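Below is one structure, written out as structure tokens; the observations come after it.
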Amino acid sequence: GSIHDGVFGFIGNGSKPEDLKNLRVQVGQGKLIWTPGGNLETGAGKLGQRYGNPYDAIKSGSDGIIVGSGIYNSKDRIESAKAYAKASWDALIEREYNV
């Protein structure tokens, strides 16, 4: 077995797509990578948080994004959630099918 036999997945830094690419290489395709801090409006948050674009995170190797303030601080949470789902899905299709 590998040194990660009991590990289901990993958390990857969404504000640095290059780090996600490197993490994917290190853990291979058999483990999940989840990325917190996804925000369609990237940059710094009020408390100094660094956000990453969900599309870029998925294209770089993440399997899923974790979104907080990008949805719950929006005026229309349903439409915002749909936008995150679309950005993630589009990136996954492009990554997996090279389109």
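A quick note: this is a predicted structure, and the numbers were derived from the prediction, not measured.
Pairing each heavy atom of I58 with each of S88, the nearest pair is CG2-O, 3.7 Å. In this structure, K31 and V7 approach most closely via the heavy-atom pair NZ-O, 2.7 Å. Closest approach of T35 to L20, counting heavy atoms only: OG1-CD2, 3.6 Å. Closest heavy-atom contact between A87 and Y55: O-CD1, 3.6 Å. Pairing each heavy atom of R77 with each of I71, the nearest pair is CG-O, 3.2 Å. For V67 against G38, the heavy-atom pair with the smallest separation is CG1-O, 3.7 Å.
Look at K16 and D56 and you find no salt bridge, because none of the NZ, NE, NH1 or NH2 atoms lies under 4.0 Å from a carboxylate O.
Taken from CG in L23 to OG in S62, the straight-line distance is 9.0 Å, to the nearest 0.5 Å. Interatomic distance, Q26 CD to D19 CG, rounded to the nearest 0.5 Å: 9.5 Å.
There is a path of hydrophobic side-chain contacts, each under 4.5 Å, that joins W89 to Y97. A single hydrophobic cluster is seen to contain both I11 and F8, as judged by linkage of ILVMFWY side chains at heavy-atom distances under 4.5 Å, directly or through other members.
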(Q) Under the criterion side-chain contact (heavy atoms from CB on, under 4.5 Å), I'd like the reasoning laid out for I33 against V27: C-alpha separation, chi angles, the key distance, then a yes or no. (A) CA-CA 9 Å; I33 297 175; V27 304; 4.1 Å; yes
Go through the steps to decide whether F10 and L32 satisfy the test side-chain contact (heavy atoms from CB on, under 4.5 Å), and finish with yes or no. CA-CA 6 Å; F10 297 85; L32 291 176; over 6 Å; no
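Listed for the K59 side chain is no donor-acceptor partner under 3.5 Å among the backbone atoms of L92. A side-chain donor-acceptor contact under 3.5 Å links R24 to the backbone of G28.
Side-chain contact check for D76 and S74: no donor-acceptor pair (N or O, by modelled atom type) lies under 3.5 Å.
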